[in-house]
Number of protein chains: 2
Amino acid sequence: MEKYKEAGLKLTPQRLAILKYLEGNKEHPSADDIYKAISKKFPTMSFATVYNTLETLRKRGQVMELNFDPFKKRFDPNPRPHHHVICVSCQKILDVQNEFSLDPPQIESEEFEIIGSHIEFYGVCSKCKGKRRN
Amino acid sequence: MEKYKEAGLKLTPQRLAILKYLEGNKEHPSADDIYKAISKKFPTMSFATVYNTLETLRKRGQVMELNFDPFKKRFDPNPRPHHHVICVSCQKILDVQNEFSLDPPQIESEEFEIIGSHIEFYGVCSKCKGKRRN
DNA sequence: CTGGCTGCAAATCTTTTGCATCCTG
DNA sequence: CAGGATGCAAAAGATTTGCAGCCAG
């Protein structure tokens, strides 16, 4: 929790609960997931606080906002940039460990200065592969 | 327009307007963009029709739904899979022409069957680079 | 103490839906 | 003429905002 203090953030009980929930979480929860999980133990937690906190953390680079779920934003507490695999069947999202070196992209009639990249892999996870019963 | 007929779609004036708007459009418009553009010339066009048509086209693989704009879905009339560059300053999205061969992703404790992938490059377009006045 | 944070409810924005009517094939 | 398509308005979700009161530093 040290790093949050260093960043000049107030450590309220609500924030601690959110931080604890995110810590090591690999499920890429949505704001709603976070709210639901925490409000069980913390009935006064409000959506506004969840969004405020996530927005604050995002600005400080401590969570990443993931946009590939068309229904809602998801949040990733893994601060270093990385890639993802998405199960097209159950929508589960997992982190990809390796790094990729990509050729510079060819763009029609534009000179882009490339800063970074993000790869989404689409696939079927082992659980869903089993269910499909080939 | 031949291909739409072949697919068994009814060619209503509204659909023709949407198809014409998308034809060759590289701007990855949102449903709202499409609605706004078309309702000027076609005042009775409704959102429902825009969404219905896009959904129909998506099912037939004639448009792609893009999710990386956190505020809304965007649509891409380019039917073959391809990658994108996004200007972090003006949010403009352009197509990337080249293909990439990616190593299989390493995933913790899971065996994914990989089906496809999509790369987003982030960068600054030439227009925005100029504005920044380095 | 004081500014940042919280909680509530209302507002906003995008997308979806129900249903009566319309019109293409 | 039938079934798919349209248009309207209302509903549904996700996220944001205004504001009064609260509390960590």
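Just so it is clear: chains get the letters A, B, ... in the order the sequence lines come, proteins before strands, and each one is counted from 1.
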What N/O pairs connect the protein and nucleotides 14-16 of chain C at under 3.5 Å? Give each pair on its own line.
| from | atom 1 | to | atom 2 | distance (Å) |
| --- | --- | --- | --- | --- |
| C:dT15 | OP1 | B:Lys73 | N | 2.7 |
| C:dT15 | OP2 | B:Tyr51 | OH | 2.3 |
| C:dT15 | O5' | B:Tyr51 | OH | 2.9 |

**Request:** Could you tell me whether the phosphate oxygens of C:dT6, OP1 or OP2, come under 4.0 Å of any side-chain nitrogen or oxygen in A:Ser46?
**Result:** no
**Request:** Output yes when at least one side-chain N/O atom of A:Gln14 is less than 4.0 Å from OP1 or OP2 of D:dC23, else no.
**Result:** no
Pair [X] and [Y], ring centroids less than 6.0 Å apart:
X        : Y        : value
A:Phe100 : A:His82  : no
B:Phe68  : B:His118 : yes
A:His84  : A:His28  : yes

What is the distance, to the nearest angstrom, from the [atom1] atom on [X] to the [atom2] atom on [N]?
X       : N      : atom1 : atom2 : result
B:Phe42 : D:dC8  : CZ    : P     : 12 Å
B:Ile34 : D:dT6  : CD1   : P     : 14 Å
A:Leu16 : C:dC5  : CG    : P     : 13 Å
A:Lys36 : D:dT15 : NZ    : P     : 11 Å
B:Ile38 : D:dT6  : CD1   : C1'   : 14 Å
A:Leu19 : C:dC5  : CG    : C1'   : 14 Å
A:Asp33 : D:dA14 : CG    : P     : 10 Å
A:Leu66 : D:dT15 : CG    : P     : 12 Å

**Message:** Closer than 4.0 angstrom, basic N to acidic O: yes or no for A:Lys36 and A:Asp32?
**Reply:** yes
**Asked** Looking at A:Glu23 and A:Lys20, does any basic side-chain N land under 4.0 Å from a carboxylate oxygen?
**Response** no
**Message:** For the residue pair B:Thr49 / B:Asn52, report whether a side-chain donor-acceptor contact shorter than 3.5 Å exists.
**Reply:** no
**Prompt:** Of the nucleotides C:dG7, D:dT6, C:dC5, which has the atom closest to the A:Arg15 side chain?
**Reply:** C:dC5
**Message:** Could you go through A:Asp103 and B:Asn98, starting from their C-alpha distance and side-chain angles, then the distance that decides it, and tell me whether this counts as side chain to side chain donor-acceptor pair (under 3.5 Å)?
**Reply:** CA-CA 9 Å; A:Asp103 298 332; B:Asn98 36 346; 5.4 Å; no
**Item:** Side chain proximity check, A:Leu102 to A:Ser117, heavy atoms < 4.5 angstrom
**Value:** yes
What are the atom names and distances for every N/O pair under 3.5 Å that joins the protein to nucleotides 19-24 of chain C?
| from | atom 1 | to | atom 2 | distance (Å) |
| --- | --- | --- | --- | --- |
| C:dT24 | O2 | B:Lys10 | NZ | 3.2 |

**Message:** Under 4.5 Å between side-chain heavy atoms, counting indirect links through other Ile/Leu/Val/Met/Phe/Trp/Tyr residues: same cluster for B:Ile119 and A:Leu66 or not?
**Reply:** no
